[in-house]
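Taking it in order: structure first as structure tokens, then the write-up.
Sequence lines set the chain letters: A, B, ... in the order given, protein chains first and strands last, and positions in each chain run from 1.
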Amino acid sequence: MENPANIPEKLFKPYSAAGTEGRIYKLWEKSGFFNPDTCIEKGHTKPDAESFSIIMPPTNANGSLHAGHGLVMTLEDIMVRYKRMQGYKTLWLPGLDHAGFETQVVYEKKLEKEDRSRFDMSHEELYKEILDFTLTNSTNIKSQIRSMGASCDWSREKFTLDPDIVTTVYSTFKKLSEDKLLYRGKRIISWCPKHQTSFSDLEIADEERMDPLYYLKYGPFVIATVRPETKFGDKYVVMHPLDPRYSEYANGQKIDLEWINGPITATIIKDDSIDMEFGTGVMTITPWHDAADFAIAERHKLDKEQIIDEKGKLLPIAGEFSGMHISKARKLIVEKLQTKGLVEKIDDKYKHVVRTCYKCGTLIEPQIKSQWFVKMKPLAERALEKINADEINYIPEQYKKITTYWLENIIDWNISRQIVWGIPIPAKICDSCEEGFVDLDNTQTTCTTCGKELRQDTDTFDTWFSSSQWPFAALGYPESPDFKNYYSTDVLETAGEIIFFWVSRMIMLGLYVTGEIPFETVYLHGLVLDAKGQKMSKSKGNVINPLDLTSKYGTDAFRIGMVVGNTPGTSLALAEDRIRGYSKFANKMWNVTRFVLENTYDLPTDEKVTLDAADQKSLDELYALIKEITVEMDEYKFYIVAEKLYHHFWHSFADVIIERSKTKITAGGDAKRSAQALLREELNILIRALHPFMPFVTEEIWSMIDRSETPLMVSSWPQA
RNA sequence: GCGCGAUUAGCUCAGUUGGUAGAGCAACUCAUUUACACUGAGAAGGUCGCAGGUUCGAGUCCUGCAUCGCGCACCA
């Protein structure tokens with residue numbers, strides 16, 4: 001076959017993503033250009049260039065890439081490649097997360113299958129097994145991140161359990177303690193009876209349920225409750241001080257009455273948190289197992305008594321029901337109350353909200369426990385100042401409102417978890433007076449309050465406590481040059497779902513420790529849903545594995561398919577058609593390249609060509625487009641840039657300009673040269689502009705159209 | 001209960017400061033040997049959730065309502 005243009009053989013076949021992507025990624029890695037220092041050494045970035053940095057949300061080391069990750073990697077890589085091409089000193093720092101609770105749950109399931117249980121293992125044994133498990137699996141996720149084309153600097157990769165990270169987390173813990181922002185409190189916490197650990201308020205899911213509401217005779221009163229099984233210890237009866245129905249009773253007044261297990265003496269409490277409209281306007285309280293009741297008990301300094309143990313079984317106070325699981329006990333207790341004539345009525349269509357473990361759906365059983373808490377108000381106030389001064393740019397903007405509302409109403413953060421897999425809390429506990437002492441150097445042995453012997457705290461930190469320090473910890477705060485060069489980072493890109501869990505807490509802790517905001521822009525993407533707009537879940541069987549799509553249609557097709565029309569914050573329905581369409585686009589680019597090479601080889605690259613009017617107009621339009629999209633890139637409107645580039649490439653360049661060039665090339669002379677020059681320029685500019693979106697196919701094409709031997713990833717973003 | 005968001009073509013969604021509605025996919029009609037069938041040309045498809053209001057002019061601004069989704073909340 002004739003081939004005067006000396007066109008590579010592969011260009012005569014359809015574009016093969018599978019035959020290209022792995023090779024290109026290796027080439028990039030070998031070049032070292034993911035590392036900004038190399039870009040400077042080799043002269044692609046000026047040493048005094050402005051920096052641009054993104055810290056990759058640490059990926060669960062033990063996990064597998066899901067559709068949401070696919071979007072994270074795509075969006076962040078687009079930003080990073082764009083800035084790198086523009087000459088910024090660009091760092092994208094990858095990291096892995098030990099993902100404390102999440103990983104422990106996965107491991108527990110594995111143990112269960114093997115007929116083992118974590119409760120039969122020592123701390124050390126379990127920790128070591130999970131560590132091995134995690135480290136073994138971590139190569140998997142890393143190769144999946146690579147397959148997405150992520151141009152992150154692997155030489156700077158961090159893991160949340162790296163010793164230097166742990167050191168930073170410990171020093172923050174100590175600083176909080178010294179600044180009196182940390183306390184060990186015996187307070188009501190959310191407890192999951194299945195997982196045997198406490199949670200912060202964020203790990204709790206609300207669920208609307210229909211349950212019977214029992215109206216029980218309590219001496220002269222009638223009280224309404226959905227949880228008769230907690231009522232054994234109720235010896236306080238509470239009503240509103242202004243409720244005329246109960247004006248004859250005084251605060252503190254004692255009354256004798258017959259209750260579940262016999263006669264008791266109850267005390268009347270008047271508290272204005274009581275809603276006079278609800279039920280009878282009277283309730284009894286269970287301070288050990290209800291946050292609202294706990295608050296009332298605190299206000300009036302009332303006794304608190306534990307009724308239910310950590311596994312959800314009734315304690316001896318329940319008399320004949322002692323040792324019984326609450327799920328079984330309720331029915332029997334109601335029966336007994338009925339026998340005693342203490343049930344006034346049952347409203348069996350009562351709609352209310354229960355709190356469940358976000359992971360297993362088990363009903364949360366509030367318990368009073370000694371735990372470490374961070375005082376959040378002072379931290380939140382500093383964050384609010386910065387946010388209200390617009391020092392942090394939220395995309396989309398509505399997240400600013402959501403964040404400020406949360407910060408204004410923040411409650412203290414319980415950072416203790418009763419799980420093994422995590423960063424151990426460096427503290428000593430006095431079991432006798434329930435004091436806790438921060439002890440990084442492991443030197444304190446006796447309680448300074450009561451003199452008794454201390455034990456090591458066996459709890460670990462909430463994973464989010466360490467990941468909230470990630471931007472500065474991963475950059476080597478406080479001494480590393482990277483910290484000085486790249487903090488504050490430019491963009492934090494993650495799922496809108498973790499706005500409170502992670503983003504807001506990073507702002508607070510970043511500000512607290514370093515005095516600076518951790519990032520200037522927060523870009524939050526929405527959920528990735530299935531083709532029908534349903535949330536993906538294993539139980540529904542509608543989970544789309546991004547790697548199936550990339551292996552079928554190519555990573556480039558997947559990437560641009562994820563981006564086009566996907567506005568920040570809005571959830572995306574991931575339909576296969578969507579991705580398939582863009583695999584055709586990669587092939588279109590491939591064929592266009594062949595046409596351009598075949599038809600321009602005889603035009604010397606250094607020849608000055610004057611374009612004719614029509615061609616000049618086309619070129620002006622292209623420059624106008626580049627100008628527009630450069631602005632839109634800076635505004636993070638990738639969804640529109642991707643669409644415009646796609647549209648221009650296909651429907652202007654291919655359909656109009658190439659078609660027009662055919663007759664001009666046949667005509668020869670100036671018309672031919674004008675057409676040829678335009679073809680070359682269009683292709684050159686569009687391939688560069690498309691690179692952040694479709695890095696593989698563009699890099700491959702670049703190697704055929706550019707003679708400089710500079711990889712496209714460090715070539716320049718087109719100038720308008 | 002409070003708050004946030006959504007409601008635009010069959011589907012998924014754009015629509016910047018108000019100026020006669022756009023894209024992709026799907027469906028429809030033609031075209032078929034040189035860049036590309038992973039193609040080209042063309043046509044069709046929407047009283048922009050409903051009701052008011054501001055305006056010369058509203059998908060866009062204001063008010064109310066409806067439906068869906070999501071947060072937050074110590075009414076037992």
Side-chain angles (χ1 to χ4, degrees), chain A residues 7 11-15 188 201-202 204-206 213-216 223-228 230-231 234 238-240 273-287 290-296 350 352-353 355 366 396-403 405-406 408-409 411 496-497 499-500 526-527 529 531-533 535 553-554 557 560-561 564-567 569-599 628 631-632 635 637 639-640 642-644 646-647 650-651 654-655 658-659 661-662 679:
Chain A
I7 288 165
L11 207 48
F12 289 98
K13 295 179 193 142
Y15 172 66
I188 191 146
D201 52 318
L202 292 181
I204 308 305
D206 289 348
L213 181 65
Y214 304 93
Y215 286 80
L216 307 177
I223 58 159
T225 179
V226 276
R227 300 198 63 191
T230 65
K231 295 287 152 198
D234 289 12
V238 193
M239 60 213 69
H240 198 282
S273 69
I274 299 295
D275 181 356
M276 288 188 260
E277 308 287 306
F278 187 90
T280 54
V282 186
M283 68 174 198
T284 61
I285 57 168
T286 315
D290 185 287
D293 295 359
F294 179 83
I296 293 172
Y350 175 61
H352 68 143
V353 172
R355 310 175 76 223
E397 228 172 319
Q398 78 225 32
Y399 279 105
K400 183 181 159 180
K401 249 190 264 179
I402 296 173
T403 300
Y405 182 83
W406 184 72
E408 280 159 8
N409 297 286
I411 63 172
E497 273 184 304
I499 177 90
F500 305 140
L527 246 48
L529 308 171
K532 289 177 195 148
K535 197 165 175 172
Y553 301 111
I560 195 164
V564 171
N566 183 14
T567 44
T570 312
S571 53
L572 167 83
L574 179 56
E576 191 163 335
D577 273 347
R578 197 187 176 100
I579 307 302
R580 196 182 55 216
Y582 292 105
S583 72
K584 294 181 186 173
F585 181 48
N587 194 55
K588 186 81 181 177
M589 290 161 70
W590 197 245
N591 286 310
V592 164
T593 303
R594 173 160 81 247
F595 179 86
V596 172
L597 287 177
E598 278 183 323
N599 289 284
E628 260 173 57
V631 171
E632 285 157 350
E635 291 171 344
K637 292 180 179 166
Y639 60 98
I640 191 96
E643 188 181 319
K644 280 182 179 172
Y646 171 86
H647 203 259
W650 202 309
H651 300 296
D655 290 348
I658 286 186
E659 288 309 315
S661 76
K662 287 176 183 172
L679 289 178

Sugar-phosphate, base or nothing in reach of A:T593, heavy atoms under 4.0 Å: nothing

Below 4.0 Å: OP1/OP2 of B:G40 and any side-chain N or O of A:W650: yes

Sugar-phosphate only, base, or nothing, as touched by A:H240 at under 4.0 Å among non-hydrogen atoms: nothing

Partners meeting side chain to side chain contact (heavy atoms under 4.5 Å, CB included) with A:K644 (sequence neighbours left out): A:L625, A:E628, A:I629, A:E632, A:I640

Listed partners of A:Y15 passing ring pair (Phe, Tyr, Trp, His ring centres under 6.0 Å), at least two apart: A:W590

Whole-angstrom distance between B:C62 and B:A44, as gauged at atom P: 36 Å

Any A:H651 side-chain N or O less than 4.0 Å from OP1/OP2 of B:U39: no

Sugar-phosphate, base or nothing in reach of A:I223, heavy atoms under 4.0 Å: nothing

Sequence-distant partners of A:D577, side chain to side chain contact (heavy atoms under 4.5 Å, CB included), two or more places apart: A:R580

Sugar-phosphate, base or nothing in reach of A:G581, heavy atoms under 4.0 Å: nothing

Distance in angstrom units between A:Y639 OH and B:G24 C1', rounded: 16 Å

Mind listing the N/O atom pairs, protein and nucleotides 69-76 of chain B, below 3.5 Å?
from  : atom 1 : to     : atom 2 : distance (Å)
B:C75 : O2     : A:D275 : OD2    : 2.2
B:C75 : N3     : A:D275 : OD2    : 3.2
B:A76 : OP2    : A:Y350 : OH     : 2.6
B:A76 : O2'    : A:A224 : O      : 3.0
B:A76 : N6     : A:D275 : O      : 2.8
B:A76 : N6     : A:F278 : O      : 2.9
B:A76 : N1     : A:D275 : N      : 3.4

From B:A35, B:G5, B:A23, nucleotide with atom closest to A:K401 side chain: B:G5

Whole angstrom value for the distance that separates C1' of B:C4 from OH of A:Y399: 10 Å

Those residues that, when tested against A:D293, pass salt bridge (charged side-chain N to carboxylate O under 4.0 Å, His left out) (two or more places apart): none

Sugar-phosphate only, base, or nothing, as touched by A:S571 at under 4.0 Å among non-hydrogen atoms: sugar-phosphate

Value in whole Å for how far the C1' atom of B:U12 lies from CD1 of A:I640: 15 Å

Residue-phosphate contact under 4.0 Å: A:R580 side-chain N/O, B:A26 OP1/OP2: yes

Between B:C4 (P) and A:E397 (CD): distance, integer Å: 14 Å

A:Y646: partners by ring pair (Phe, Tyr, Trp, His ring centres under 6.0 Å), with sequence neighbours left out: A:Y582, A:F585, A:W650

Flag side-chain contact, heavy atom, 4.5 Å: A:L202 against A:W406: yes

Sugar-phosphate only, base, or nothing, as touched by A:F294 at under 4.0 Å among non-hydrogen atoms: nothing

Sugar-phosphate only, base, or nothing, as touched by A:K637 at under 4.0 Å among non-hydrogen atoms: nothing

Worked check of side-chain contact (heavy atoms from CB on, under 4.5 Å) between A:L679 and A:I658: CA-CA 7 Å; A:L679 289 178; A:I658 286 186; 3.8 Å; yes

With sequence neighbours excluded, residues passing side chain to side chain contact (heavy atoms under 4.5 Å, CB included) with A:I579: A:L549, A:Y553, A:A557, A:F558, A:L574

RNA chain B-proximal residues of residues 584-591 of chain A, any heavy atom under 4.0 Å: A:K584, A:N587, A:K588, A:N591

Dot-bracket encoding per residue of RNA chain B, Watson-Crick/G-U cut-off under 3.5 Å, | denoting interstrand: (((((((..((((.....[..))))..((((.......))))......(((((..]....))))))))))))....

Nucleotide nearest A:T570 when distance is taken to its side chain, options B:A14, B:A26, B:U12: B:A14

Residues forming a side chain to side chain donor-acceptor pair (under 3.5 Å) with A:N599, sequence neighbours excluded: none

From A:H647 atom NE2 to A:D655 atom CG, the distance as rounded to the nearest 0.5 Å: 9.0 Å

Could you list, one pair per line, each protein nitrogen or oxygen that sits under 3.5 Å from a nitrogen or oxygen of nucleotides 7-11 of chain B, together with the distance?
none

With A:I411 via side chain to side chain contact (heavy atoms under 4.5 Å, CB included) - residues at least two apart: A:D201

Any A:Y646 side-chain N or O less than 4.0 Å from OP1/OP2 of B:A14: no

Non-hydrogen side-chain atoms of A:T567 and A:P396 separated by less than 4.5 Å: no

